[in-house]
Amino acid sequence: MTALGTGRTPGTRDKKRIANLDGVRGLCAMIVVIVHVAFSTGVVLGSESGPPQKGIWSILAVGLEVGLGPFFILSGMLLYKPFARMTLIGTPRPTLGKFFLRRGLRLLPGYWLLTAFCLLLLNFSSIDSVWYVLRPIVLLQNYDYMWYAGMDPTWTIPTEAQMYLVLPLLALLMHRLAGRVSDPARKVRRMMIPLGVMVVAGWAFAGYMHMEHLGPWPPEYWWPFSRFGLFAIGMGLAILSVRAESEPNAMPAVYRAARKRPNLFWVGALASYLVVCAAPLGEPGTWDYGTPQFAMVQHVAFVAFAFFLMVPLVAPKASSPLMDTVLSNRPTRFLGRISYGIYLWHFVVMYLWWQDGSVFGAPPQFANALIDKAGFWELLAVVVAGSIAIATVSFYFFERPLMRLGERWIRRREQAVAPVSRTAETPLPEKQSASV
């Protein structure tokens with residue numbers, strides 16, 4: 001295994017950085033599970049039900065919504081980094097075929113396995129057309145919105161896939177903007193222009209989605225645009241990382257600060273989380289949709305949490321005993337390795353525990369209609385154990401074998417092309433050249 005973004009054998013510090021990124025995935029996956037269990041057991045309800053049902057615990061549970069943002073930042077950073085190297089230090093352009101194959105094999109097989117399970121066992125009695133089946137398979141359930149029991153959190157999968165499609169186009173635009181100058185600092189500034197536009201557009205779209213004429217939870221809520229800002233911040237961190245690696249003396253200021261005071265960034269993440277808990281312009285401890293002003297304030301807090309959490313984990317030579325203890329331990333790293341499966345399957349475990357869905361003899365009900373069927377701690381224990389078990393089996397016996405198969409196919413293609421390339425580059429003898 002090579003170090004993150006360096007192409008060399010990892011040293012001790014590099015290994016810690018990679019372990020910490022695995023760990024933050026595991027930590028955030030558990031945060032997402034907790035907030036969904038809280039929602040599904042009445043710990044969090046709408047303000048029409050009165051004050052927060054569990055007092056401070058309801059308020060703290062609502063704030064855990066911030067756990068989703070770091071996943072988008074990680075995707076933007078890790079996937080854009082090879083393109084950033086191409087622009088800043090002149091490495092070869094990433095091969096798009098390999099890029100899309102790897103991304104497809106990482107995202108789609110596990111998701112399609114979940115889709116098949118949910119359609120056949122939980123939603124079978126609701127199937128009324130071919131389109132009902134095809135809609136989630138082709139990742140269009142966000143636009144032609146339809147709820148599928150067990151697939152409640154998978155609105156992020158089309159968002160992620162669409163970001164993969166947009167990324168090479170963004171990389172081309174940023175490459176052309178930066179290609180007109182030679183100074184590295186000016187290159188970085190030009191590359192940041194589209195990303196700044198994405199961040200502002202995401203913030204504005206968050207407010208637009210909450211306009212009164214759209215009503216609460218409109219289909220537009222599931223569109224990817226408000227998450228593009230998080231993805232853009234990840235891409236920005238990739239640019240800064242490449243700049244820091246290629247010119248250590250030109251370390252970006254934010255990375256210098258992260259090296260000097262890494263834990264201070266986590267204090268910033270904690271403060272951002274507390275802002276979400278306090279729900280300025282909203283009702284703390286409730287799951288209300290809110291006004292545009294409320295949504296825009298919350299959006300800033302979500303983005304700030306993810307930013308402050310991630311910067312000290314990706315800044316070169318930034319580390320702290322606190323972060324290593326929290327994220328680099330084996331259990332958290334293991335959860336990070338299977339975090340995608342945990343995210344995909346945890347709602348399925350809930351529906352099976354509730355005995356809700358077609359396999360139990362009736363069409364499924366929404367999770368918020370089943371809040372009296374289990375207590376928080378009971379359901380949390382079941383969901384954590386069940387989703388970890390399913391995710392482990394899915395990763396090691398289904399997802400990883402397919403990814404390895406894809407890597408073997410890529411290697412065979414590269415080995416087949418390499419001899420042809422070498423032959424083409426070998427000059428012919430003079431007489432043979434003349435005859436040609």
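In what follows, residues are counted from 1 in the order of the sequence shown.
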What pairs of donor and acceptor atoms, side-chain ones from residues 267-275 against any protein atom, are under 3.5 angstrom apart with sequence neighbours left out?
{"residue": "Ser272", "atom": "OG", "partner": "Gly268", "partner atom": "O", "Å": "2.9"}
{"residue": "Tyr273", "atom": "OH", "partner": "Leu60", "partner atom": "O", "Å": "2.8"}

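- Applying the side chain to side chain donor-acceptor pair (under 3.5 Å) rule to pairs touching residues 212-232 yields nothing, sequence neighbours excluded.
- Checked against the 6.0 Å centroid threshold, Phe72 and Phe302 do not count as a close aromatic pair.
- For Leu335, the side chain to side chain contact (heavy atoms under 4.5 Å, CB included) partners at least two apart in sequence or on another chain are Met30, Ile342, Ile388.
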CA sep, side-chain torsions, deciding dist, call: Tyr340, Arg106, side-chain contact (heavy atoms from CB on, under 4.5 Å): CA-CA 9 Å; Tyr340 184 48; Arg106 183 66 192 101; 3.6 Å; yes
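- Partner of His36 under the ring pair (Phe, Tyr, Trp, His ring centres under 6.0 Å) criterion, out of Tyr343, Phe376, Trp287, Phe347: Phe347 alone.
- Remark: side-chain polar atoms of Trp147 are not paired, donor with acceptor, to backbone N or O of Asp152 under 3.5 angstrom.
- Minimum interatomic distance between Met209 and Pro218 (heavy atoms only, all atoms of both residues): O-CG, 3.6 Å.
- Screening residues 86-95 for side chain to side chain donor-acceptor pair (under 3.5 Å) gives Thr87-His175 as the qualifying pairs, with residues at least two apart or on separate chains.
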Before you tell me yes or no, could you show the steps for Trp155 and Gln141 under side-chain contact (heavy atoms from CB on, under 4.5 Å), namely the whole-Å CA-CA distance, both residues' side-chain angles and the distance that decides it to 0.1 Å? CA-CA 7 Å; Trp155 62 270; Gln141 70 269 33; over 6 Å; no
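- Applying the side chain to side chain donor-acceptor pair (under 3.5 Å) test to pairs two or more places apart or on separate chains, those with a residue in residues 248-270 are Ser241-Tyr255, Asn263-Ser320.
- Taking each heavy atom of Gly63 and Cys277 in turn, the nearest pair found is CA-SG, 3.7 Å.
- The backbone N or O of Ala391 lies less than 3.5 Å from no partner atom in the side chain of Ser394, so there is not a single donor-acceptor pair.
- Annotation for Ala315 and Ala258: closest pair CB-CB, 3.9 Å, computed over non-hydrogen atoms.
- Nearest heavy atoms, Met403 versus Phe395: CE-CE1, 4.0 Å.
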Contacts under 3.5 angstrom, residues 177-188 side chains, donor-acceptor by atom type, not counting sequence neighbours:
{"residue": "Asp183", "atom": "OD2", "partner": "Ala185", "partner atom": "N", "Å": "3.4"}
{"residue": "Asp183", "atom": "OD2", "partner": "Arg186", "partner atom": "N", "Å": "3.1"}
{"residue": "Lys187", "atom": "NZ", "partner": "Ala178", "partner atom": "O", "Å": "3.2"}
{"residue": "Lys187", "atom": "NZ", "partner": "Val181", "partner atom": "O", "Å": "3.2"}

